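Data block below; observations after.
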Amino acid sequence: MVKICCIGAGYVGGPTMAVIALKCPELEVVVVDICASRIDAWNSDKLPIYEPSLDDVVKACRGRNLFFSTDIEKHVADAEILFLSVNTPTKTSGLGAGKAADLTFWEKAARMIADVSNSDKIVVEKSTVPVKTAEAIEKILNHNNNGVKYQVLSNPEFLSEGTAIEDLLYPERVLIGGRETPEGQKAVQTLKDIYARWVPDDLIITTNLWSAELSKLASNAFQAQRVSSINAMSALCEATGASVSEVAYAIGMDSRIGPKFLNSSVGFGGSCFQKDILNLVYICECNSLPDVANYWKQVIRINDYQKRRFLNRVISSMFNTVSGKRIAILGFAFKKDTADTRESASIFVSQGLLREKAIISIYDPKVTEDQIQYDLATNKLDWDNQVPQQPMSPTARKQVTVMWDPYEATKGAHAVCILTEWDEFKDLDYKKIYDGMQKPAFMFDGRNMVDPVKLREIGFIVYSIGRPLDPWLLDMPAVA
Ligand code: NAD
Ligand code: UGA
């Protein structure tokens with residue numbers, strides 16, 4: 001039985017390996033992690049991440065050919081193929097702080113592989129890394145000079161959270177980059193043979209290492225750029241009376257543009273778009289390409305602008321003060337169908353409202369209260385100015401309650417902000433919500449989930465991203 005070991009049991013390592021184990025029963029797949037509580041959760045009935053259909057896949061193969069363990073060195077030493085799926089966040093201090101990828105976890109894992117290995121291995125980069133990282137990992141792996149031979153491959157992951165299992169079962173493509181030597185190409189073929197168990201041959205593409213590494217960064221940058229483009233357009237729609245959903249529909253019918261990823265929102269979140277673009281920006285700067293770096297920076301600047309614009313709109317619409325007012329936040333995850341909150345626009349908006357002394361109650365169907373409190377208390381580095389954001393005061397944190405029911409969260413509120421596109425928000429009884437709120441009752445829809453016409457009929461003052469402004473708001477321009 002060929003043995004695979006994946007280092008890192010997170011959002012990528014867990015689901016990816018579960019699908020490989022499901023589709024390749026003849027392989028033994030072990031996922032290892034330094035975080036014992038995460039491994040315990042993978043071995044329990046309550047998996048550490050929420051992802052539709054993940055439970056079924058894990059149940060089908062856990063204990064058969066899928067294992068989760070903290071015995072890292074043993075499983076690494078035994079495996080023939082190693083996947084590296086550790087986190088690669090943005091550096092928060094030192095050279096390149098706020099932009100460069102922090103490869104600390106990555107390098108530690110690589111050094112450990114070099115130290116414990118006594119048989120030849122294929123090492124697969126699954127994490128998203130700066131272009132040319134394969135060269136660095138080759139150097140680390142070979143520093144021991146103990147005769148063990150390594151082939152490093154780049155096999156970036158393109159899954160999206162919320163649809164991870166579907167994306168893994170039916171990928172649009174699998175990308176494998178390797179060295180253009182006979183040994184490198186043999187390793188590429190070995191990995192290709194694994195995917196070929198369920199992915200059609202023409203969807204498995206092979207390239208050189210650097211193209212594979214860079215394609216991942218480029219893919220995320222292009223996707224984020226689309227969201228920032230439509231979000232930039234949303235501001236102009238509001239200023240002119242155009243409707244961003246109509247504009248998106250009209251331009252999306254052009255096959256050269258296409259209809260996907262044109263939903264205007266309060267701003268993109270998630271652990272990767274911002275991090276990967278910043279990483280791209282840093283690589284451009286290091287390669288003396290400041291104009292290219294500035295081009296990509298603008299995608300994040302527009303995203304920051306969109307979040308700020310939404311927050312300011314809430315405040316300015318309510319007579320320029322939310323102090324002491326109750327505001328209900330519907331949705332805390334960075335998108336629907338996940339409990340992940342990393343870089344969620346909800347954190348930015350909630351923290352902004354707390355700084356303005358609002359009292360907020362938050363409802364999200366999947367995110368835990370501990371996670372919400374943690375996110376609100378954690379301060380991020382401002383990537384553009386490289387200064388830590390202002391800390392939240394303990395008093396501000398006391399102004400937050402987390403509710404398990406949207407009607408409870410909105411009861412007595414002056415305003416509701418919809419910040420995640422959970423399907424259930426489309427079907428809420430907005431008349432009931434309106435009846436329970438203070439008047440005038442404001443609805444700020446950051447995801448274009450509600451029908452503004454119907455809600456205005458109920459009595460709400462409605463702000464909906466990129467849609468013609470409510471007459472109430474016309475007199476109250478928001479400064480972003
Ligand atoms: P994550 O934080 O959920 O998981 C990473 C795991 O690696 C953690 O559990 C951590 O404890 C573990 N780890 C760190 N150092 C380790 C070490 N030395 N040995 C063993 N375990 C170690 O991160 P993630 O969201 O799974 O992302 C992983 C990588 O995949 C990142 O580079 C990310 O950019 C990329 N990626 C993420 C997604 C996504 O949707 N989350 C999609 C595609 C690519
Ligand atoms: C994204 C990419 O879609 C994946 O291909 C990639 O593998 C992954 O990043 C990664 O490298 O981590 P993910 O962040 O899970 O996946 O989710 P997306 O569906 O891309 O959404 C990202 C953010 O953009 C969310 O906040 C979402 O609400 C927002 N978004 C997306 C919009 O505001 N409008 C859209 O039209 C689409």
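What you see is a predicted model, and the numbers here were worked out from it, not measured in a lab. When a ligand or atom number is given, it counts from 1 through the structure's own listing order. Atoms considered below: every heavy atom in the structure, side chains included; atoms not considered: hydrogens, waters and symmetry mates.
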- Query: Between Lys297 and Glu285, is there a side-chain N and carboxylate O pair less than 4.0 Å apart?
  - Reply: yes
- Task: Find all atoms of ligand 2 within a distance of less than 4.0 Å from any non-hydrogen atom belonging to Glu161, and give their numbers and elements.
- Result: 15 (O)
- Message: Under 4.0 Å, counting heavy atoms only: does Lys336 come that close to any atom of ligand 2?
- Response: no
- Task: Answer with side chain, backbone, both or neither: which part of Ser127 has a heavy atom less than 4.0 angstrom from an atom of ligand 1?
- Result: both
- With heavy atoms of Cys272 as the reference, note each atom of ligand 2 found under 4.0 Å away. 10 (C), 11 (O), 12 (O)
- Heavy atoms, side chains only, cut-off 4.5 Å: are Tyr430 and Met443 in contact? yes
- Item | Whether Phe444 and Phe310 hold their rings parallel, tilted or perpendicular, with breakpoints at 30° and 60° | perpendicular
- Purely on distance, is any nitrogen or oxygen of Thr128 under 3.5 Å from one on ligand 1? yes
- Message: With heavy-atom distances below 4.0 Å as the criterion, list the atoms of ligand 2 near Ser265.
- Response: 32 (C), 33 (O)
- Message: Does any N or O of ligand 1 fall below 3.5 Å from an N or O anywhere on Lys216, backbone included?
- Response: no
- Task: Quick one: look at Lys275 and ligand 1, take heavy-atom pairs under 4.0 Å, and tell me if it's side chain, backbone, both or neither.
- Result: side chain
- Hey, looking at atom 6 (C) of ligand 1, which of Ile7, Thr16, Thr338, Asp33 has the closest heavy atom? Asp33
- Item | Residues Glu161 and Arg342 bridged, charged N to O under 4.0 Å | yes
- Task: State if Arg342 counts as touching ligand 1 under the rule of any non-hydrogen atom under 4.0 Å.
- Result: yes
- Message: Any nitrogen or oxygen of Arg38 lying under 3.5 Å from a nitrogen or oxygen in ligand 1? Just yes or no.
- Response: yes
- Query: In ligand 2, which numbered atoms sit nearer than 4.0 Å to a non-hydrogen atom of Lys216?
  - Reply: 6 (C), 7 (O), 10 (C), 11 (O)
- Contacting atoms of ligand 2, where contact means under 4.0 angstrom from a heavy atom of Leu262: 36 (O)
- Task: For atom 2 (O) of ligand 1, state which one of Asp276, Ile72, Val31, Asn87 supplies the nearest heavy atom.
- Result: Asn87
- Query: Between the main-chain N or O of Phe332 and the side-chain N or O of Thr420, is there a donor-acceptor pair closer than 3.5 Å?
  - Reply: yes
- Whether Arg447 side chain and Leu419 backbone form a donor-acceptor pair below 3.5 Å: yes
- Item | Options Phe261, Tyr11, Phe158, Phe334, ranked by nearest heavy atom to atom 20 (O) of ligand 2, top entry | Phe261
- Task: Report yes or no: is the cationic atom of Arg62 (NZ for Lys, CZ for Arg) under 6.0 Å from the centre of the six-membered ring of Phe68, at an angle within 45° of the ring normal?
- Result: no
- Atom indices of ligand 2 within 4.0 angstrom of Glu157 heavy atoms, with elements: 7 (O)
- So, the side chain of Gln151 versus the backbone of Ile122: is there a donor-acceptor pair under 3.5 Å, distance only? no
- Query: Between Ile49 and ligand 1, which residue portion shows a heavy-atom distance shorter than 4.0 Å: side chain, backbone, both, or neither?
  - Reply: neither
- So, Ser160 side chain and Thr163 main chain: donor-acceptor pair closer than 3.5 Å or not? no
- Task: State whether Lys74 and Asp78 are salt-bridged, where the test is any N-O pair (Lys NZ or Arg NE/NH1/NH2 against Asp/Glu carboxylate O) under 4.0 Å.
- Result: yes
- 4.5 Å side-chain heavy-atom contact, Leu153 and Val188: yes
- Note on the structure: for atom 7 (O) of ligand 2, nearest protein heavy atom and its distance come out as Leu159 O, 2.7 Å
